[in-house]
Amino acid sequence: MGALVLVRHGESRWNQCNRFTGWVDVPLSENGIKEAQGCAVHCKRFQFDSAFTSDLERARQTLLTIFSLQGKTAIVQHAQDGRYRRWVNLSNRCDGGDIPVFTSPLLNERFYGALQGLGKGQAERRFGKEKILRWRRGFTDRPPGGETLKETFERVYPYFVRRILPRVRRGETVFLAGHGNTLRGIIKYLEDIGDEEVAFLDLPHGHPLVYTFRRGRFIWTEGELKFDRPLR
């Protein structure tokens with residue numbers, strides 16, 4: 001029986017000051033580090049076989065903090081970089097307390113374009129509250145130069161099906177440290193959530209959401225699934 005543990009990264013420095021982050025590569029805040037440490041306690045009973053995360057520091061930092069506190073060595077595979085391929089094949093073996101970690105920009109947060117770096121209030125003053133609300137809560141509404149939530153789902157979903165799902169199917173326990181909108185895309189698939197509803201799915205920082213894989217389907221077993229996401 002396989003399992004999938006989903007964790008949204010801990011609070012970042014820009015979450016802390018309520019700025020649009022997207023692909024800007026900011027680290028965790030002090031509180032975010034504490035959230036990751038707390039998540040390590042919740043995840044301690046799992047024996048992970050592999051892990052996935054994005055190319056962004058806040059997600060990687062969350063993953064590395066959790067595994068470090070569990071006495072595990074997270075070994076990033078660099079499988080997409082040709083310079084490392086021979087080295088990976090020859091020496092990057094994982095056993096015992098080692099966990100192979102696969103990273104991909106396809107798991108990055110939604111790209112917010114012109115909104116990135118702006119405070120939420122600043123963005124409302126520049127573009128208007130009505131537009132900001134549509135861009136943040138609509139499934140097909142696009143911020144200037146950015147991605148729609150639909151486009152974010154369309155890049156995350158194939159990666160999940162191609163790279164992560166086969167591992168769970170063959171009985172692995174897989175850990176994924178991700179971002180709010182990319183995790184919403186995965187959960188949309190797992191729970192068959194409607195296009196308009198998924199934007200309201202609330203995913204707190206540093207709280208594990210656990211699925212087990214039984215008889216060909218995912219079953220939600222731990223964590224909260226709430227559709228009262230506040231407009232922070």
[X], [Y]: one ILVMFWY side-chain cluster at the under-4.5 Å cut-off?
{"X": "L225", "Y": "F200", "answer": "no"}
{"X": "V41", "Y": "I99", "answer": "no"}
{"X": "I219", "Y": "I186", "answer": "no"}
{"X": "F111", "Y": "V26", "answer": "no"}
{"X": "L106", "Y": "L6", "answer": "yes"}

Exercise. Are F127 and W135 near enough that their ring centres are under 6.0 Å apart?
Worked result: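 Centroid separation for F127 and W135: below 6.0 Å.
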
Problem set entry | Test of ring centre spacing under 6.0 Å for F160 and F52 |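 Not under 6.0 Å, so no.
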
Output the distance between atom [atom1] ([X]) and atom [atom2] ([Y]), rounded to the nearest 0.5 Å.
{"X": "L56", "Y": "H9", "atom1": "CG", "atom2": "NE2", "answer": "8.5 Å"}
{"X": "R184", "Y": "E197", "atom1": "CZ", "atom2": "CD", "answer": "12.5 Å"}
{"X": "R170", "Y": "D49", "atom1": "CZ", "atom2": "CG", "answer": "9.5 Å"}
{"X": "L118", "Y": "I132", "atom1": "CG", "atom2": "CD1", "answer": "8.0 Å"}
{"X": "Y112", "Y": "E147", "atom1": "OH", "atom2": "CD", "answer": "10.0 Å"}
{"X": "H42", "Y": "Q37", "atom1": "NE2", "atom2": "CD", "answer": "12.5 Å"}

A side-chain contact here means heavy atoms from C-beta on lying under 4.5 Å apart; do [X] and [Y] qualify?
{"X": "P105", "Y": "S54", "value": "no"}
{"X": "P27", "Y": "R13", "value": "yes"}
{"X": "T73", "Y": "F67", "value": "no"}
{"X": "T173", "Y": "V168", "value": "no"}
{"X": "F46", "Y": "V5", "value": "yes"}
{"X": "N15", "Y": "H205", "value": "yes"}
{"X": "E191", "Y": "W220", "value": "yes"}

Tell me the closest heavy-atom pair linking [X] and [Y], and the distance in Å.
{"X": "G22", "Y": "Q116", "value": "CA-OE1, 3.4 Å"}
{"X": "P166", "Y": "R162", "value": "CG-O, 3.4 Å"}
{"X": "V7", "Y": "P208", "value": "CG2-CA, 3.8 Å"}
{"X": "T212", "Y": "R214", "value": "OG1-NE, 3.5 Å"}
{"X": "L63", "Y": "A177", "value": "CB-CB, 4.0 Å"}
{"X": "N108", "Y": "S104", "value": "OD1-O, 3.7 Å"}

Are the side chain of [X] and the backbone of [Y] linked by a donor-acceptor contact shorter than 3.5 Å?
{"X": "Q70", "Y": "C43", "value": "yes"}
{"X": "D202", "Y": "K226", "value": "no"}
{"X": "R134", "Y": "G138", "value": "no"}
{"X": "R8", "Y": "L203", "value": "yes"}
{"X": "T103", "Y": "T53", "value": "no"}
{"X": "Q61", "Y": "L28", "value": "yes"}
{"X": "E35", "Y": "E11", "value": "yes"}

For this session: May I ask you to decide if the ring planes of F218 and Y211 are parallel, tilted or perpendicular, using 30° and 60° as cut-offs?
Result: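 The arrangement is perpendicular - the two ring planes meet at more than 60°.
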
For this session: Classify the ring geometry between F153 and F139 as parallel (under 30°), tilted (30 to 60°) or perpendicular (over 60°).
Result: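 Answer is tilted, since the angle falls between 30° and 60°.
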
Exercise. Among N181, T152, T21, whose side-chain hydrogen bond (donor to acceptor under 3.5 Å, both in side chains) with E109 holds?
Worked result: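 Passing option: N181.
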
Exercise. Centre of F102's six-membered ring, under 6.0 Å away, within 45 degrees of the axis: is that where NZ or CZ of R163 sits?
Worked result: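 Because its charged atom sits under 6.0 Å from the ring centre and within 45° of the axis, R163 does stack over F102.
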
Exercise. Considering residues, nucleotides and ligands other than E30, do more than 12 of their heavy atoms fall under 6.0 Å from its CD?
Worked result: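 No.
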
For this session: Check the surroundings of atom CZ in R217: do more than 12 heavy atoms from other residues, nucleotides or ligands lie under 6.0 Å from it?
Result: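 12 or below, so no.
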
For this session: Please assess Y159 against L107 for the test side-chain contact (heavy atoms from CB on, under 4.5 Å), listing each intermediate value before the final yes or no.
Result: CA-CA 8 Å; Y159 182 87; L107 295 175; 3.7 Å; yes

For this session: Begin from the C-alpha positions of L209 and I187 and carry the test side-chain contact (heavy atoms from CB on, under 4.5 Å) through to its verdict.
Result: CA-CA 10 Å; L209 189 63; I187 296 167; 3.5 Å; yes

For this session: Might you work through the side-chain contact (heavy atoms from CB on, under 4.5 Å) test for D55 and R60, ending with a clear yes or no?
Result: CA-CA 7 Å; D55 277 355; R60 287 192 181 203; 3.5 Å; yes

Problem set entry | T182 and R110: side chain donor to acceptor below 3.5 Å |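 Per modelled atom types, T182 and R110 side chains form no pair under 3.5 Å.
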
Exercise. Between R126 and E124, is there a side-chain N and carboxylate O pair less than 4.0 Å apart?
Worked result: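 Result for this pair is no, no salt bridge flagged.
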
Problem set entry | Derivation and outcome, salt bridge (Lys or Arg N to Asp or Glu O under 4.0 Å), residues R155 and E151 | CA-CA 6 Å; R155 67 171 159 85; E151 288 169 332; over 6 Å; no

Exercise. For V174 and F48, what are the C-alpha separation, side-chain angles and deciding distance, and is it a side-chain contact (heavy atoms from CB on, under 4.5 Å)?
Worked result: CA-CA 6 Å; V174 178; F48 294 109; over 6 Å; no

For this session: Go through the steps for R136 and D141 under the test salt bridge (Lys or Arg N to Asp or Glu O under 4.0 Å), then give the verdict.
Result: CA-CA 8 Å; R136 296 183 68 186; D141 294 274; over 6 Å; no

